Amino acid sequence: MDRHAPPTRCAVITPQVTKRGARAGADRRSPEARLEEAVGLAAAIDLDVVYKGLVLISEVKPATYIGSGKVEEIAGIVAAEEVGLVFVDAALSPVQQRNLEKAWSAKVVDRTALILEIFGSRARTKEGTLQVELAHLNYQRSRLVRSWTHLERQRGGFGFLGGPGETQIEADRRQIGERIIRIERELEQVKRTRALHRTSRKRVPYPVVALVGYTNAGKSTLFNRLTQAEVMAQDLLFATLDPTLRAVDLPHGTRVILSDTVGFISELPTQLVAAFRATLEEVIEADVILHVRDISHPDTDAQAADVKDVLTELGIDVEAGGRLVEVWNKIDILPEAEREQLLNTAARAEPEARPELVSALTGEGAPALLDRIEAHVTAGRTLLSVTLAAEDGEGLGWLYRHGEVLERESGADGHVVISLRILPERVDLVKRRFGAAQVRGED
C-alpha cells in the first residue's frame with residue numbers, strides 16, 4: 001500500500017434499535033456516545049471520516065439490517081461524498097454485508113471486522129500477530145457463504161471419470177481450517193512458555209499486578225508512570241495491543257511484576273476474547289487487578305460495566321473483595337467541584353472497595369496507589385528475622401529465592417541479620433533450613 005496515498009474516505013453509521021427491540025444491556029450508553037466511539041474506531045485505523053450518522057430502527061431487517069428507506073438515503077450520501085468504505089457499527093451477517101455493498105457500491109465493514117483490522121495493525125510481537133490472525137481466520141470462516149455460484153459446478157479429475165470437484169468455497173474453508181490448526185498449535189506453545197514463566201516467577205516469588213480497563217482509559221500512561229517505562233501511550237483507541245511486563249519496587253521494598261494488557265471495549269468480538277485468552281491469563285493469574293477507569297468520560301459507568309463483563313467471561317469474580325482495585329484516572333481534567341465530590345465518595349467507601357484517584361499524566365495519586373498495592377500483596381505474609389554467618393552466601397541466596405528480603409544488617413559478631421517477608425506456609429521451611437534458634441518472628 002502506498003504510504004503517501006490519501007486515507008480512505010469513510011462513512012460511519014451507528015444503527016440504534018429502539019426500546020421495543022433493543023438488546024439487553026444495549027442502553028448502557030447514549031446513542032451519541034456510541035456514534036462518537038465508532039468514529040474513534042475509524043480514526044484509529046486512519047480512515048477519513050467524511051460522514052457520521054445515527055440510524056434509528058425498530059427492529060433488525062434480515063436483508064440489510066436497516067430499513068430500505070435509510071439504505072437509499074445513505075446510498076445518496078455515499079455517492080455525493082465519494083465514500084469508499086462504510087463502517088456499520090453493528091454485527092452484520094454475511095448476507096446483510098453483501099446486500100449493503102451492492103446497494104452502496106462501496107466496501108462495507110461491521111464492528112467485528114473493523115476491530116480485527118485495528119488489532120492487526122497494532123500487533124508487534126509474534127504472539128500478538130498469531131492471535132490476531134487466528135481471530136481473523138475464525139471471522140472469515142464464518143463469512144464463507146455460497147455466493148460464488150459460478151464455481152459450484154466445478155468438476156475434478158479427467159473428463160467423465162472425475163466426480164464433482166471441490167468447490168471454491170470448500171477449498172477456502174479447508175485452507176482456513178488447516179491454518180487455524182497450525183496457529184492454535186503455535187499459540188499452545190506460547191501458552192506453555194507463559195505458564196513456565198509464571199511458575200518461575202512464583203518460585204521467586206514476585207506478585208503480579210495486572211492493569212485492565214476500557215480502551216483509552218490511560219492504562220499505558222499509568223504503566224509508564226509506575227514503572228518509568230516508555231510504552232506507547234496515545235489518545236487513541238487500542239494504542240497498545242501486545243502485553244508488557246515490568247518489575248516495580250514498591251515504597252517499602254516489595255517487588256511486583258506489573259502487566260499492561262490490551263484494552264477492552266463494548267461488544268468485544270468473541271473471536272478476540274478467545275484468541276487473546278493466552279495473553280489474558282496474566283490477568284486471570286494476577287494477585288491484584290487494577291481496573292483503570294477514565295473517570296472524566298461521560299460513559300465511565302457503562303465502560304466499567306463492559307470491562308467487568310469481559311472479566312466475568314474470563315472466569316474472574318469481580319465481586320471478590322480486595323483483589324480488584326478501581327483506579328479512577330484523569331482526575332486532572334475534572335472541574336474542581338466534581339473532583340471534590342469524587343474524593344468525598346472515595347473517602348466514604350469501605351477500605352476494600354475504595355477507589356484510588358489518580359492522574360497518570362501528572363503523577364497525582366500514584367504514591368497512594370503504590371501503597372495500596374503493597375498493602376494488598378503483603379497482607380497475610382509473615383515477617384521473620386534470620387541470623388546467618390556472613391560467609392553463608394548460599395543461605396543468603398536461598399532467602400532471596402524463597403522470600404522477600406526487606407533489610408540486611410551486619411552484626412558486630414560477624415553475623416548477618418536478614419529481615420524478610422514470607423508466605424506463612426514457608427515459615428517451617430526457613431526454620432528447617434537455618435535452625436529454629438536462628439529464626440524469630442517480627443511484630
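Predicted model only: the values in this text are computed from it and were never measured.
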For D48, which residues count as a salt bridge (Lys or Arg N to Asp or Glu O under 4.0 Å) partner, sequence neighbours excluded? none

List in chain and number order the residues that pass salt bridge (Lys or Arg N to Asp or Glu O under 4.0 Å) with E188, two or more places apart in sequence or in another chain; answer none if no residue qualifies. none

Test salt bridge (charged side-chain N to carboxylate O under 4.0 Å, His left out) applied to R293 and D301, step by step: CA-CA 9 Å; R293 291 176 56 178; D301 290 336; 2.8 Å; yes

Which distance, rounded to the nearest 0.5 Å, do you find between the [atom1] of [X] and the [atom2] of [Y]?
X    : Y    : atom1 : atom2 : result
L137 : E178 : CG    : CD    : 12.0 Å
S419 : R408 : OG    : CZ    : 12.5 Å
L383 : R421 : CG    : CZ    : 5.5 Å

If we check side-chain hydrogen bond (donor to acceptor under 3.5 Å, both in side chains) with Y214, which of these qualifies: E37, Q303, K219? E37

side-chain hydrogen bond (donor to acceptor under 3.5 Å, both in side chains) test vs R179 passes for just one of Q140, E184, E133, namely E133

Taking [X] for its side chain and [Y] for its backbone only, find out whether a donor-acceptor pair lies under 3.5 Å.
X    : Y    : answer
R225 : A366 : no
D294 : T300 : no
N99  : A63  : yes
W104 : V71  : yes
D110 : D89  : no
E82  : R9   : no
R98  : S93  : no
Q96  : K61  : yes

Side chains of [X] and [Y]: closer than 4.5 Å at any heavy-atom pair?
X    : Y    : answer
V325 : I289 : no
V55  : I74  : yes
R348 : T345 : yes
L85  : L47  : yes
L370 : E374 : no
V288 : L324 : no
R111 : L41  : yes
I331 : V358 : no

Which heavy atom of [X] sits nearest to which heavy atom of [Y], and what is that distance?
X    : Y    : result
D287 : P207 : OD2-CA, 3.3 Å
V386 : L420 : CG2-CD2, 3.6 Å
L114 : A42  : CD2-N, 3.9 Å
L388 : L396 : CD1-N, 3.7 Å
K107 : V109 : CE-CG1, 4.1 Å
V417 : S385 : CG1-OG, 3.2 Å

Could you tell me which residues satisfy side chain to side chain contact (heavy atoms under 4.5 Å, CB included) with E117, sequence neighbours excluded, listed by chain and number? I45, H136

Verdict with supporting geometry, F264 and T215, side chain to side chain contact (heavy atoms under 4.5 Å, CB included): CA-CA 5 Å; F264 299 161; T215 182; over 6 Å; no

Walk me through it: do L100 and V86 pass the test side chain to side chain contact (heavy atoms under 4.5 Å, CB included)? CA-CA 9 Å; L100 290 175; V86 182; over 6 Å; no

Using a strict threshold of under 4.0 Å (side-chain N to carboxylate O), is an ion pair present between E364 and R339? yes

Under a 4.0 Å N-O cut-off, is there an ion pair linking R354 with E326? no

Please determine whether the number of non-hydrogen atoms from other residues, nucleotides or ligands lying under 6.0 Å from atom CD of E186 exceeds 12. yes

Flag if over 12 foreign heavy atoms under 6.0 Å of CD, Q189: yes

Walk me through it: do V307 and H291 pass the test side chain to side chain contact (heavy atoms under 4.5 Å, CB included)? CA-CA 8 Å; V307 169; H291 176 191; 3.7 Å; yes

